[in-house]
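Each remark here refers to the structure printed beneath this line.
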Amino acid sequence: MSLSFTYLEDSVIAEGASGNVILRGHLGGRDIAVKRMSVDRVTLAEREIRLLEVHDAHPNILRYFGHRRNVLFVYLALELATGNLSEYCDSPQYMNVLAPREVCAQITRGLKHLHDLNIVHRNLKPSNILFLLIREDEMLMKIADYAISKTLEDRESFTSSCTVGSISWAAPEMRGRPDRKTLKTDIYSLGLVFFTVLTFGRPRDRGAVTRDMILANLSDVLNGAQRLLLREMLDLMPENRPTCAEILVQPAFWPPEKVLSFLQEVFNLAPPDFNFEVYNEQVWQGDWKDLLCPTLVNRMSSRTPKPYDGCSMRHLLRFVRNLVTHRAGIRDLIPHACSSNERLVQYIDENIPNLIYYAWLTAKGTLSLENLAHFYEYPSTPGPFECPPPRPS
């Protein structure tokens, strides 16, 4: 669609390594970004235009308004963003508006939209992920730059005999290997992006973000479920990486209210004969009570006629359920943890890092209970999590 908009050639917002330039422009009364691409890259420009014309109807995809061209350049009129992901990571101000956890979730929702349309982005990296500050307390992440994106005609895979995109952010199979690739190439790049966000941009201080560097520094990611998810996303075998939908239902990026609700509901709804003990060795070694404050364990134990078995996942979940339900009675022992849902989840995760993920995995596909379904299904319209009414302990 040819469109009338204005721009200033000397009002440069950013410059890309490939010669593309982002200019400041205007469309009616709206400030916009204008992407200028050389006519010798017209094939890439036309590909980006085709994709955006049809597929930009998602809040986490950068909007496209139209384009025009002259003998030298093609100009794309795009939504004007506030900054890119690297700038987000550099500013506590922006992190206070949108937590890193939700940043990762929004980017994944945008990528899921593309993958649902069978589009592989092929160039996910911080400079191609933008954010728009809508209000002081509201921000949207936006995936941008579709010049080398590809629609998979066979709905499964594509071939490429040369490296496309930025090599330092590309999946191993994208680096000049002639074998067929799938949507899972984006998942690997997304894992590199996640690590950058969850460690507040610190990887840049160590040079390129690589799989080996991430695995050696996973402890920089403070959330246990997020660490386990990153390992899956960076698997060298593409078929072992999760899909966007699978990432979005994992507890790695749940709000704390949903985590606490799950930890209560999964125990309350499980039948007495359900086997919770499948992943005990992945969650703790020895006695889980030794991982917690002895005074806390003693007080919690004194309030129940059933002693806690330190070798049992079922008993650990009962302990956590009671900890959440009766937090007011232990506030003097762990005041910081009891001050908010966020800090209580942090306390649980710091002391037993793998509990939340493996409790979720244990019940996945095994507990056919309607009240737990929302913990395993991707909602068609994601929104704030609402806690169900509390149950008696």
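What's counted below: heavy atoms across the whole structure, side chains too, no hydrogens, waters or symmetry copies.
Side chains of Asn268 and Arg318: a donor-acceptor N/O pair is absent below 3.5 angstrom, by distance only. Side chains of Glu277 and Ser312: a donor-acceptor N/O pair is present below 3.5 angstrom, by distance only.
Shown here are the side chain to side chain contact (heavy atoms under 4.5 Å, CB included) partners of Val97, two or more places apart in sequence or in another chain: Leu133, Met139.
Note that OG1 of Thr151 and CG of Leu117 are 8.5 Å apart. Values are rounded to the nearest 0.5 Å. Within the model, atoms NZ of Lys112 and CG of Asp186 stand 14.5 Å from one another, a figure rounded to the nearest 0.5 Å. Between atom CG of residue Leu124 and atom CG of residue Leu192 there is a gap of 10.0 Å, rounded to the nearest 0.5 Å. The SG atom of Cys104 sits 9.0 Å away from the CE atom of Met141 when rounded to the nearest 0.5 Å. Atom CD1 of Ile119 sits about 5.5 Å away from atom CG of Leu114, to the nearest 0.5 Å.
The minimum heavy-atom distance between Gly110 and Ile61, with the atom names listed, is O-CD1, 3.6 Å. For the pair Cys244 and His115, the tightest heavy-atom approach, listed with the atom from each and the gap, is SG-ND1, 3.8 Å. Contact record, Asn280 with Cys311: ND2-O, 3.3 Å, taken as the closest heavy-atom pair. Scanning all heavy atoms of the two residues, the minimum distance from Asn20 to Lys35 falls at ND2-CE, 3.7 Å. Minimum interatomic distance between Leu132 and Glu79 (heavy atoms only, all atoms of both residues): CD2-OE2, 3.4 Å. Nearest heavy atoms, Gly191 versus Met233: N-CE, 3.4 Å.
Atom CD of Glu136 has 12 or fewer heavy atoms from other residues, nucleotides or ligands within 6.0 Å. By the 6.0 Å contact criterion, CD on Glu239 is enclosed, its count of non-hydrogen atoms from other residues, nucleotides or ligands being greater than 12. Counting heavy atoms of neighbouring residues, nucleotides and ligands inside a 6.0 Å radius, atom CZ of Arg327 exceeds 12 of them.
Both the sub-6.0 Å distance and the 45° axial angle are satisfied by Arg36 relative to the ring of Phe73. Taking the ring centre of Tyr75 as origin, the terminal cationic atom of Arg69 falls outside the region bounded by 6.0 Å and 45° from the ring axis.
With respect to the salt-bridge test (charged N to carboxylate O, under 4.0 angstrom), the residues Arg109 and Glu102 qualify. For the pair Arg101 and Glu342, the salt-bridge criterion is met [side-chain N within less than 4.0 Å of a carboxylate O].
Sorted by first then second residue, the side-chain hydrogen bond (donor to acceptor under 3.5 Å, both in side chains) pairs that include residues 346-359, not counting sequence neighbours, are Glu232-Tyr357.
Ring-centre distance between Trp169 and Tyr188: not below the 6.0 Å cut-off. A centroid separation of less than 6.0 Å is found between the aromatic rings of Phe131 and Tyr94. Separation of the Tyr7 and His26 ring centroids does not fall under the 6.0 Å cut-off. Residues Phe274 and Phe267 keep their aromatic ring centres 6.0 Å or farther apart.
Between the Arg303 side chain and the Asn298 main chain, no donor and acceptor come within less than 3.5 Å of each other. Put simply, the side chain of Asn223 gets close to the backbone of Gln226: a donor and an acceptor are under 3.5 Å apart.
Exactly one residue among Asn60, Thr108, Leu111, Leu130 makes a side-chain contact (heavy atoms from CB on, under 4.5 Å) with Ile143. That residue is Leu111.
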